[in-house]
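Just below is one structure, and these are the notes that go with it.
Note on naming: letters A, B, ... go to the chains in the order of the sequence lines (proteins, then strands), and numbering restarts at 1 for each one.
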2 protein chains.
Amino acid sequence: MTKKQQTAARSADVARLAGVSRSAVSRTFTEGAYVSDETRRKVLEAARMLNYSPNAIARSLSKRATGLVGIIAADLYNPVHAQMLEAMSRSLQARGFGIVLLVPDTSNFDEFIPRLLSYQVDAVITTVATLDTHLPLAAVQTGRPVVMMQQILGANVLNSVSSDDYGGGHAAGTLLCETGHRRIAYISGRSDTANNRDRERGLRDALAAHGLAVYAQANGLFTHEGAMTATRQLLSLSPRPDAIFCANDLMALAALQVSRGEFGMAVPDDLAIVGYDNSAPSMWSWPALTSVGPDMAEMVSLTVDMVVRKIATGDATVEHQVVPVRMVERQTTRERPTA
Amino acid sequence: MTKKQQTAARSADVARLAGVSRSAVSRTFTEGAYVSDETRRKVLEAARMLNYSPNAIARSLSKRATGLVGIIAADLYNPVHAQMLEAMSRSLQARGFGIVLLVPDTSNFDEFIPRLLSYQVDAVITTVATLDTHLPLAAVQTGRPVVMMQQILGANVLNSVSSDDYGGGHAAGTLLCETGHRRIAYISGRSDTANNRDRERGLRDALAAHGLAVYAQANGLFTHEGAMTATRQLLSLSPRPDAIFCANDLMALAALQVSRGEFGMAVPDDLAIVGYDNSAPSMWSWPALTSVGPDMAEMVSLTVDMVVRKIATGDATVEHQVVPVRMVERQTTRERPTA
DNA sequence: TTGTAAGCGTTATCAT
DNA sequence: ATGATAACGCTTACAA
């Protein structure tokens, strides 16, 4: 086995082979720098021969900017988070940024942020709803832009791009009222999230506008498991609820499973179900799930724009953007009476 | 608005404040280096006061190692990929590595790998089944360890840790035969993947062992959409298949949806369905999906071990690991006759 | 337009 | 055990 661990070519090697200076090499690999076509050609040729490509680490050290954005993501079993991560990554890459991924682990959270920051990321984006406030704040203190794609309770000094959870909850409540339901139950998510708080407020206000209150409520913790228990609890009431709004799709699928499988109910005739997220699996169930959908493309686009702008300008003002949701009616709710 | 964009403290600042040399600072922040308790104490104190933490970029440049692993991931809408990414990230982080994420875009694939490599990642892991061979190979040529978590057709010169797709297909076929099915159809995935090829071979061999052949087959391209069409096609045959094996869970859920929703069939009585991946949504459907499950924890663990070992030792031999699968019987297949 | 030389923030070598 | 000093590979005034 021939050991040809030839260490990679450096700009000096290219310079030597091309018969120019290192600056010339650097310039050829820098957008919009002064190089004559002739030198550029020679450099490119030499670079090709040596299979040279610039060392981004060295470049970063010199430029004091890495072109790296840190993304804090978790709960990827939830399709909506996974999709968000993928879309964010694509978009950032297309803009020329690299991505450092951080999957927080509750155990040693405090070590991770410093590590992320030690890589000198140019900005931080977080998609985790249950983050401890002081983490993003630590990032902010280093002067880097930080954008949260979830509202975090008590963290409104941070930039955010979020979905209109209140509006979403309100839309769900309105739909259920307008399709004739009177005993509307709610399966909530983790109560330490702004997501849950706002979706619930929206629901309550919508019901109130129709002279109703939430018929019953149970906490599903945003998990499928938790929602199975919650559903059993709600369906044991008498009379049973005639509709359930769930704070995410996973939980709505659990409600669907339990109501049909264990209680033999017909959906949507005996029981209407509305989920939240409009995630892929909401289209995969049968009957397909009616769900409130955040406008993910818009959120991603706003976030990336904001991040890129703040990196470029150093703008340190705090911004909040709220993106409207849309209701996707599928088969777990009745059709609206035509007006 | 007070602009206190104080540039972060450097080791020199800490050294000055602590009244020691830069080397002393460096040593205090290096595992197992000779520093007296006294200097360490002084350094740590000064560091705390200045809120200093070492610059990993500079460190990387000097050490010629970044502690970064590149992960190439895609198709995160497929829960099994998302989960794999999360598990890999957790594990690598626990081992002290950082992660550079690359989500390939078919359009400009060729630009991305060089960019990833330019960040001088210590190793590359890929979870994408449809990767173009020359990309991982480019990484290999730089002398870095590359591990594929999917077999890629014609790329067996690369390290791999993969799931026993042949065994999985075989197990599915066997289960269906043993539960009394005779007209077993197959919804295939993209034919340019080793995944699909091996699952199909396993299925065929299992049927052959019971004197059967695949009753009919259609390509679902690993997508939900594709599988809906495929299912309609298969169920239009007469007589209809009495079982369908799908090359992944998304497609199996489509089969479930179409067979029940559009053809009014009872599952598993009229039609048995087996999926592949044992992904979270397979537990969320009703009836819950029987599925062949790769042992993800084991795959992740083997991969991380291999990567870390190869980084440490520089070992350049090519290794292939195949992890056994397990069959998870839920409600879309009949119970096995008790022997 | 091109080259020279001084950083960027660490670590490693080698004296002390 | 500690401190100078030279890398690490690149960019960027500044001068030519």
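- C:dT1 atom P lies 15 Å from atom NZ of A:Lys42, rounded to whole Å.
- No hydrogens or angles were tested; on distance alone, a donor-acceptor pair under 3.5 Å links the side chain of A:Ser62 to the base of C:dG7.
- The nucleotide whose nearest atom lies closest to any side-chain atom of A:Ala58 is, among D:dG9, D:dG3, C:dT10, D:dG9.
- Counting all heavy atoms, side chain and backbone alike, B:Val307 lies closest to B:Ala123 at CG1-CB, 3.8 Å.
- Residue A:Arg64 places no side-chain N or O under 4.0 Å from the OP1 or OP2 atom of C:dC8.
- In this structure, B:Gln120 places its CD atom 9 Å from P of D:dG9, rounding to the nearest Å.
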Checklist line | Worked verdict on B:Arg10 versus B:Asn55 for side-chain contact (heavy atoms from CB on, under 4.5 Å) | finding: CA-CA 8 Å; B:Arg10 299 150 304 173; B:Asn55 181 325; over 6 Å; no
Next item on the list: With side-chain contact (heavy atoms from CB on, under 4.5 Å) as the test, would you mind laying out the steps for B:Ile125 and B:Leu92 before giving the verdict?
Entry: CA-CA 11 Å; B:Ile125 297 173; B:Leu92 284 169; 4.1 Å; yes
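- Two residues, B:Lys63 and B:Ser36, neighbour DNA chain D, and the one matched to the more 5' nucleotide by heavy-atom proximity is B:Ser36.
- Applying the 4.0 Å criterion to OP1 and OP2 of C:dT2, one finds that A:Thr39 has a side-chain N or O inside that range.
- Picking from D:dA4, C:dT11, C:dT4 the nucleotide with the shortest atom distance to the side chain of B:Thr30 gives C:dT11.
- Paired with A:Gln150 under the rule side chain to side chain donor-acceptor pair (under 3.5 Å), one option of A:Asp165, A:Thr127, A:Asn195, A:Thr193 passes, and it is A:Asn195.
- Straight-line distance from the CZ atom of B:Arg16 to the P atom of C:dG9: 12 Å, rounded to whole Å.
- Rounded to the nearest 0.5 angstrom, A:Ile71 CD1 and A:Met88 CE are separated by 4.5 Å.
- One interatomic measurement links the two molecules: OH of B:Tyr119 to P of D:dG9, which rounds to 18 Å at whole-angstrom precision.
- Between C:dG9 and B:Arg10, a contact under 4.0 Å exists linking OP1 or OP2 to a side-chain N or O.
- Of the candidate nucleotides C:dT1, C:dT11, D:dT11, C:dT1 has the atom nearest to the side chain of A:Tyr34.
- A:Val20 comes within 4.0 angstrom of sugar-phosphate atoms only, judged by non-hydrogen atoms across all strands, and of no base.
- In this model, a side-chain donor or acceptor of A:Arg27 finds a partner on the base of C:dG3 within 3.5 Å.
- Taking atom CZ on A:Arg22 and atom P on C:dT4, their separation rounds to 10 Å, with Å as the unit.
- Residue A:Phe29 contributes atom CZ, which lies 16 Å from atom P of D:dG9 at whole-angstrom precision.
- In this structure, A:Leu61 places its CG atom 12 Å from P of D:dT12, rounding to the nearest Å.
- Using a 4.0 Å cut-off, no side-chain N or O of B:Arg40 falls inside it from OP1 or OP2 of D:dA1.
- Between A:Ala56 and B:Ala24, the residue anchored closer to the 5' end of DNA chain D is B:Ala24, taking for each the nucleotide with the nearest heavy atom.
- The shortest side-chain heavy-atom distance between B:Arg16 and B:Asp13 falls under the 4.5 Å cut-off.
- OP1 or OP2 of C:dT10 lies within a sub-4.0 Å distance of a side-chain N or O belonging to B:Ser11.
- For A:Ser23 against C:dT4, a side-chain N or O and a base N or O form a donor-acceptor pair under 3.5 Å.
- In this structure, CZ of A:Arg59 is placed 18 Å from C1' of C:dG9, rounded to the nearest angstrom.
- Nucleic acid contact class of B:Val35 (heavy atoms, under 4.0 Å, all strands): sugar-phosphate only.
- Put simply, B:Tyr52 has a side-chain N or O that comes within less than 4.0 Å of OP1 or OP2 on C:dT10.
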